[in-house]
Amino acid sequence: MEDEYKNIQTENLFMNKQAYYNKYRPSYDKQIIEILKKYGLNRNSVIADYGAGTGKFANLLASSVNRYYFVEPNKDMIDFAINNIKASNIIFLNEKAEETSISENIVDFAFAVHSFHYFEKDKFKLELQKSLKKDGYFCIIWYDYIDLNNSIQVEWQELINNIKGFEDNHNKKDDRTNIYVDSKYDEHSFIIKKEFTYQELLGLGLSVSSTPLPNQKDKYVIFEQKVKDLFYKYKKDDKVVFNLKCNIQIGKIK
């Protein structure tokens with residue numbers, strides 16, 4: 001299957017979305033750190049976070065490691081992170097994941113957190129082969145918003161897919177085939193429950209790269225009404241609940 005994002009300019013994704021993304025996207029749970037410690041993560045570890053966004057994952061991990069390379073091509077996103085993350089061990093790189101200025105063989109753990117689907121995989125593999133130490137790990141992490149047993153999540157995903165024009169698939173097996181050694185990697189997952197008020201659900205929607213912003217008047221009014229209808233259909237005590245599955249895939253690089 002062809003990659004839906006094959007020819008996309010990642011530096012132009014999420015323009016003017018940084019505040020919505022940072023405020024309304026779910027944060028990452030400390031359980032992730034405990035899983036990574038089993039693979040050797042420690043205070044001396046050097047991290048590369050590719051497609052780091054506004055720094056939601058850096059907020060979890062940076063204080064637990066020695067050095068943190070924060071790679072983000074979108075200037076709006078990385079400027080937001082620079083102004084809001086106060087960690088002296090972070091090196092901010094306004095660069096694309098496929099080709100960075102990170103030195104050779106210095107990274108213990110490389111991450112693509114909710115970003116791997118955007119990358120040109122062959123070029124990105126070369127970047128990983130350059131930057132990772134021989135015994136280093138590459139880790140893909142994302143929240144799965146699909147829960148077929150929770151009707152609001154089914155309808156929410158349909159709403160977002162209709163705007164995008166396609167369905168995101170963060171777990172394409174062919175994406176990993178030429179990345180990991182023998183196409184093998186370990187998988188971990190856990191569920192978190194996330195409550196959203198109406199404003200939070202709308203903000204979550206506005207954090208998606210393809211949804212209309214308030215200055216896109218007619219399109220925005222239609223989108224806002226659809227979110228409102230969905231919220232009031234399923235709300236209980238003025239909140240709706242999503243069951244989010246945090247997926248972690250980790251392994252060595254070819």
Side-chain angles (χ1 to χ4, degrees), residues 3 5-6 8-14 18 21-22 28 32-33 35-37 39-142 170 175-181 185-186 248-254:
D3 190 341
Y5 294 99
K6 184 175 182 181
I8 204 158
Q9 293 179 305
T10 50
E11 64 270 27
N12 295 328
L13 280 172
F14 298 100
Q18 63 274 16
Y21 194 100
N22 192 71
Y28 292 97
I32 295 172
I33 293 180
I35 291 169
L36 294 173
K37 283 180 178 178
Y39 294 86
L41 181 79
N42 59 58
R43 292 281 181 179
N44 295 318
S45 297
V46 175
I47 302 303
D49 183 357
Y50 293 95
T54 60
K56 297 190 78 67
F57 191 64
N59 282 327
L60 170 72
L61 195 60
S63 63
S64 300
V65 300
N66 179 31
R67 199 182 325 156
Y68 198 106
Y69 288 97
F70 188 109
V71 181
E72 172 54 49
N74 182 282
K75 195 169 187 307
D76 284 351
M77 301 287 266
I78 198 168
D79 283 351
F80 187 97
I82 291 170
N83 290 324
N84 288 279
I85 300 177
K86 308 302 179 186
S88 59
N89 64 334
I90 295 182
I91 300 167
F92 293 98
L93 301 175
N94 186 200
E95 299 172 348
K96 298 187 75 169
E98 294 85 351
E99 188 175 2
T100 77
S101 56
I102 299 174
S103 299
E104 295 183 7
N105 304 316
I106 64 169
V107 172
D108 297 294
F109 290 86
F111 293 92
V113 183
H114 250 291
S115 59
F116 184 63
H117 52 301
Y118 295 128
F119 302 160
E120 295 180 64
K121 307 304 185 296
D122 291 341
K123 292 182 179 179
F124 182 57
K125 183 176 76 169
L126 295 176
E127 165 66 24
L128 292 174
Q129 290 172 331
K130 178 202 76 173
S131 62
L132 275 172
K133 294 178 181 177
K134 186 176 181 180
D135 59 348
Y137 286 96
F138 172 52
C139 186
I140 302 170
I141 299 175
W142 75 97
H170 293 278
D175 273 347
R176 286 79 171 150
T177 299
N178 293 316
I179 296 285
Y180 289 110
V181 174
Y185 46 86
D186 295 340
I248 302 167
Q249 298 176 335
I250 184 168
K252 301 292 182 70
I253 297 302
K254 281 188 175 181

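Positions are given from 1, in the same order as the sequence printed here.
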- Side chains of Q249 and W142: closer than 4.5 Å at any heavy-atom pair? yes
- Query: I85 and A58: which non-hydrogen atoms are nearest, and at how many Å?
  - Reply: CD1-CB, 4.3 Å
- Short question: side chain of Y118, backbone of A97 - any donor-acceptor pair under 3.5 Å? no
- Query: Does atom NZ of K123 have more than 12 heavy-atom neighbours, drawn from other residues, nucleotides or ligands, at distances under 6.0 Å?
  - Reply: no
- Message: I need the E127 CD to E98 CD distance, nearest 0.5 Å.
- Response: 8.5 Å
- G40 versus S45, closest heavy-atom pair with distance: O-OG, 3.9 Å
- Intermediate values then yes/no, side chain to side chain contact (heavy atoms under 4.5 Å, CB included), T100 and S131: CA-CA 9 Å; T100 77; S131 62; 5.6 Å; no
- Message: Angle between ring planes, Y39 versus Y137, binned at 30° and 60°: parallel, tilted or perpendicular?
- Response: perpendicular
- Taking everything shown except Q129 itself, do over 12 heavy atoms lie less than 6.0 Å from its CD? yes
- Message: Testing the basics here: between N44 and D108, what is the closest heavy-atom pair and its distance to 0.1 Å?
- Response: O-OD2, 4.0 Å
- Member of L61, I250, I140 meeting the side-chain contact (heavy atoms from CB on, under 4.5 Å) criterion with F111: L61
- Message: Please evaluate residues F57 and H114 with respect to the criterion side chain to side chain contact (heavy atoms under 4.5 Å, CB included), reporting the C-alpha separation (whole Å), side-chain torsions for both, the decisive distance (0.1 Å), and the verdict.
- Response: CA-CA 10 Å; F57 191 64; H114 250 291; over 6 Å; no
- Message: Using every non-hydrogen atom in the two residues, find where V107 and I47 come nearest and quote the distance to one decimal.
- Response: CG1-C, 4.3 Å
- Task: Determine whether more than 12 heavy atoms belonging to other residues, nucleotides or ligands lie under 6.0 Å from atom CG of N83.
- Result: yes
- Task: Heavy atoms only: give me the nearest I248-I141 pair and the separation to one decimal.
- Result: CG1-CG1, 4.1 Å
- Task: To the nearest 0.5 Å, tell me how far K133 NZ sits from F109 CZ.
- Result: 10.0 Å
- For the pair K134 and N105, evaluate side chain to side chain contact (heavy atoms under 4.5 Å, CB included) and give the outcome as yes or no after the intermediate values. CA-CA 7 Å; K134 186 176 181 180; N105 304 316; over 6 Å; no
- Message: Working to the nearest 0.5 angstrom, can you tell me the gap between T54 OG1 and I78 CD1?
- Response: 11.0 Å
- Query: Under 3.5 Å, side chain of K56 to main-chain N/O of N22, donor-acceptor pair present?
  - Reply: yes
- Task: State, to 0.1 Å, how close Y50 and A110 come at their nearest heavy-atom pair, and which atoms those are.
- Result: CE1-CB, 3.8 Å
- Honestly, is K252 close enough over F138, meaning NZ or CZ under 6.0 Å from the six-membered ring centre and within 45° of the axis? no
- With the side chain counted from C-beta on, respond yes when N59 and Y28 share a heavy-atom pair under 4.5 Å apart, and no when they do not. no
- From I253 atom CD1 to L128 atom CG, the distance as rounded to the nearest 0.5 Å: 5.0 Å
- Do the side chain of N84 and the main chain of F80 share a donor and acceptor less than 3.5 angstrom apart? yes
- Interatomic distance, SG@C139 vs CG@L41, rounded to 0.5 Å, equals 10.0 Å
- Item | Cation-pi geometry met for K121 and F116 (6.0 Å, 45°) | yes
- Task: Answer yes or no: is there a donor N or O on one side and an acceptor on the other, between the side chain of E72 and the main chain of G53, under 3.5 Å?
- Result: yes
- Over 60° means perpendicular and under 30° means parallel, so classify the ring planes of F70 and Y68, tilted if in between. tilted
- Would V71 and I102 satisfy side chain to side chain contact (heavy atoms under 4.5 Å, CB included), going step by step from the backbone distance to the final call? CA-CA 9 Å; V71 181; I102 299 174; 4.1 Å; yes
- Message: Can you tell me how far apart NZ (K75) and CD (Q18) are? Round to the nearest 0.5 Å.
- Response: 10.5 Å
